[in-house]
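I have placed the structure first, in the form of structure tokens, so that the comments after it can refer back to it.
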Amino acid sequence: MPNSEVFTQSIEIQADLEVVENCITDINLIQHWLNPVLCCEPLDKWSMDLGNQAKFIIKIPIIMPTLLSTIVVREAGLLVWEFSGFFTGRDHWEYQTIINGTLLLNRFEFQIPNPLVFWGFNAFARGLTRTDMQVQLQRIKIIAETIQSDYK
């Protein structure tokens, strides 16, 4: 993706790969780790099948910026959402088994075609976006490790 930005974060989670995968694919669990100013709504029935679509809405009064996201890759250890709207790009979720659990990597690759939105992002949201990605991973870690400990 030419002229794109890429933010990458990762975290080690002491939970099985299946538990971590469930945290990033189950709509009820997603609502627990997603930034509270974001809302995820399926366009149809919630599914992780290729081509499934959802809206991610930023709860900013009046303007409510929205991204349309489509699952474009779904395979063992990898889920990729492609999105369009005020941003275009992809959100990669990669997960693999490690010695004490699962390594979860989130790579957010995007472009902001509108110069005004690009300026606003750089002025106000660049740092917040990076921080939010790490906070979301921390929330996923807590949820997954709690679920894992409940299985034992």
task = Nearest 0.5 Å please: distance from the OG1 atom of Thr97 over to the CG atom of Leu17.
result = 4.5 Å

key: Cluster link Leu34 to Met133, ILVMFWY, side chain under 4.5 Å   = yes

inquiry  = Taking Arg90 first and then Glu109, would you say they form a salt bridge - that is, a charged N and a carboxylate O separated by under 4.0 Å?
reply    = no

query = Is Glu145 reaching over with its side chain to a backbone N or O of Gln14, donor-acceptor style, under 3.5 angstrom?
reply = yes

query = For the atom pair CE (Met48) and CG (Leu79), what is the distance rounded to the nearest 0.5 Å?
reply = 6.0 Å

message = Does any part of the side chain of Leu43, heavy atoms only, come nearer than 4.5 Å to the side chain of Leu68, both counted from C-beta?
response = yes

ask   = Does the side chain to side chain contact (heavy atoms under 4.5 Å, CB included) test come out yes or no for Ile147 and Leu29, once each step is laid out?
value = CA-CA 11 Å; Ile147 291 169; Leu29 294 175; 4.0 Å; yes

request  = Without swapping roles, check the side chain of Thr146 against the backbone of Ile142 for a donor-acceptor pair under 3.5 Å.
outcome  = yes

message = Membership question, hydrophobic clusters at under 4.5 Å side-chain separation (ILVMFWY): are Leu104 and Ile98 in the same one?
response = no

request  = Test side chain to side chain contact (heavy atoms under 4.5 Å, CB included) on Tyr95 and Ile13 and set out the steps.
outcome  = CA-CA 10 Å; Tyr95 36 99; Ile13 302 173; over 6 Å; no

key: Gap between atom CD of Gln53 and atom OG of Ser69 - 0.5 Å precision   = 9.0 Å

request  = Measure from the side-chain N and O atoms of Trp93 to the backbone N and O of Ile24, and report whether any donor-acceptor pair falls under 3.5 Å.
outcome  = no

Pairwise distance CD(Gln148) to CD1(Ile143) - rounded to 0.5 angstrom = 14.0 Å

ask   = Between Glu21 and Arg74, is there a side-chain N and carboxylate O pair less than 4.0 Å apart?
value = yes

ask   = How about Phe56 and Phe87: are their ring centres within less than 6.0 Å of each other?
value = no

task = Write down the atom of Cys40, the atom of Gln31, and the distance for their closest heavy-atom approach.
result = O-NE2, 3.1 Å

task = Quick one: closest heavy-atom pair of Arg107 and Val6, and the distance?
result = CG-CG1, 3.6 Å

query = For Arg139 and Pro36, which heavy atoms make the closest approach, and how far apart are they?
reply = NH2-CD, 4.0 Å

task = Might you point out which heavy atoms bring Trp46 and Ile30 nearest each other, and give the distance in Å?
result = CZ2-CD1, 3.7 Å

task = Would you kindly confirm whether Ile112 and Ile60 end up in one hydrophobic cluster when ILVMFWY residues are joined by side chain heavy atoms under 4.5 Å apart?
result = yes

key: Distance, nearest 0.5 Å, that separates CD1 of Ile63 from CD1 of Ile58   = 8.0 Å

query = How far apart are the closest heavy atoms of Asp91 and Asn106, and which atoms are they?
reply = OD1-ND2, 2.7 Å

query = Would you say the side-chain atoms of Asn114 pair up with the backbone N or O of Leu116, donor to acceptor, closer than 3.5 Å?
reply = yes

query = So, the side chain of Ser10 versus the backbone of Thr8: is there a donor-acceptor pair under 3.5 Å, distance only?
reply = no

request  = Mind checking the CD-CD spacing from Gln111 to Glu5? Nearest 0.5 Å is all I need.
outcome  = 9.5 Å

query = Between Trp81 and Ile71, does a side chain to side chain contact (heavy atoms under 4.5 Å, CB included) hold up when you go through it step by step?
reply = CA-CA 5 Å; Trp81 292 88; Ile71 297 175; 3.9 Å; yes

For the student: nearest non-hydrogen atoms of Cys23 and Ile140, plus distance = CB-CG2, 4.0 Å

query = Checking side chain to side chain contact (heavy atoms under 4.5 Å, CB included) for the pair Asn22/Asp26: CA distance, chi angles, key distance, verdict?
reply = CA-CA 6 Å; Asn22 195 40; Asp26 181 293; 3.7 Å; yes

query = Are Leu78 and Val19 joined in one hydrophobic group, where the rule is that I, L, V, M, F, W and Y side chains link up if heavy atoms are under 4.5 Å apart?
reply = no

Min side-chain heavy-atom separation Phe86-Phe121 under 4.5 Å = no

query = Is there a donor-acceptor pair under 3.5 Å between the side chain of Gln136 and the backbone N or O of Asn35?
reply = yes

inquiry  = Grouping I, L, V, M, F, W and Y whenever their side-chain heavy atoms are under 4.5 Å apart, do Ile57 and Phe83 come out in a common cluster?
reply    = no

